[in-house]
Amino acid sequence: MSTSLYWSRVPVEPKENSLYSLKHTLAKKLWDSDGSCGEGTIRVGKELIPFLEGIELGNSSGEMGRDARKLINAIESYGEVQLCIHS
């Protein structure tokens, strides 16, 4: 079974938003793993935006660039979001 990376608003809302294309990249950066087995919840804020902007610039026309922009917008809107990896 495959896993995916999700973000949710802090405090937790029941709705999660998938960012599958960023799963492996953010798993390595934030959890030091490949994300294949799932990872617990971690909160991220504006400190992650420069990293995400680099992904967006390098993949502007691809799915990773679009997902990076979605996560940037969420962080800018809410100040902080939760990330987790699960199936």
Side-chain angles (χ1 to χ4, degrees):
M1 183 180 302
S2 180
T3 61
S4 190
L5 171 71
Y6 297 89
W7 73 268
S8 62
R9 207 173 146 195
V10 178
V12 177
E13 293 181 346
K15 181 180 178 190
E16 293 181 323
N17 302 277
S18 179
L19 301 169
Y20 181 79
S21 70
L22 295 174
K23 179 180 79 168
H24 296 292
T25 301
L26 290 181
K28 184 174 181 175
K29 178 168 180 63
L30 300 174
W31 290 281
D32 195 29
S33 78
D34 66 2
S36 62
C37 294
E39 295 296 338
T41 302
I42 187 171
R43 289 183 180 194
V44 297
K46 296 183 188 294
E47 72 282 349
L48 191 60
I49 290 178
F51 181 78
L52 295 170
E53 287 173 334
I55 292 172
E56 182 183 29
L57 287 172
N59 299 278
S60 60
S61 63
E63 188 174 351
M64 282 185 76
R66 289 188 297 273
D67 281 351
R69 174 46 49 193
K70 288 177 190 176
L71 189 51
I72 291 167
N73 290 343
I75 293 168
E76 289 176 341
S77 294
Y78 305 118
E80 189 176 58
V81 298
Q82 293 186 146
L83 297 176
C84 68
I85 297 175
H86 65 82
S87 54

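Reckoned from all heavy atoms, side chains included, excluding hydrogens, waters and symmetry mates.
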* side-chain contact (heavy atoms from CB on, under 4.5 Å) assessment of Lys29 paired with Leu48 -> CA-CA 10 Å; Lys29 178 168 180 63; Leu48 191 60; 3.9 Å; yes

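- Using modelled atom types, one side-chain atom of Lys23 and one backbone atom of Thr3 make a donor-acceptor pair closer than 3.5 Å.
- With hydrophobic clusters built from ILVMFWY side chains whose heavy atoms lie under 4.5 angstrom apart, Leu83 shares a cluster with Phe51.
- Hydrophobic cluster membership differs between Ile42 and Tyr20, with clusters built from Ile, Leu, Val, Met, Phe, Trp and Tyr side chains linked at under 4.5 angstrom.
- Note on Ile72: it clusters hydrophobically with Val44, by side-chain heavy-atom contacts below 4.5 Å among ILVMFWY residues.
- Between Ile55 atom CD1 and Arg69 atom CZ the span is 12.0 Å, to the nearest 0.5 Å.
- Rounding to the nearest 0.5 Å gives a distance of 10.5 Å between CD of Glu16 and CH2 of Trp7.
- Nearest heavy atom pair, residue Ile85 against residue Gly35, reads CG2-O, 3.3 Å.
- Ile49 approaches Ile75 most closely through the heavy-atom pair CD1-CG2, 3.8 Å.
- Interatomic distance, Asn73 CG to Glu76 CD, rounded to the nearest 0.5 Å: 6.0 Å.
- Here Leu5 contributes atom CG and Leu71 contributes atom CG; the two are 7.5 Å apart, rounded to the nearest 0.5 Å.
- With Trp31 contributing its side chain and Gly38 its backbone, the two residues share no donor-acceptor pair below 3.5 Å.
- The structure places OG of Ser21 at 8.0 Å from CG of Asn59, a figure rounded to the nearest 0.5 Å.
- Between the CG atom in Leu52 and the NZ atom in Lys70 there is a gap of 13.5 Å [rounded to 0.5 Å].
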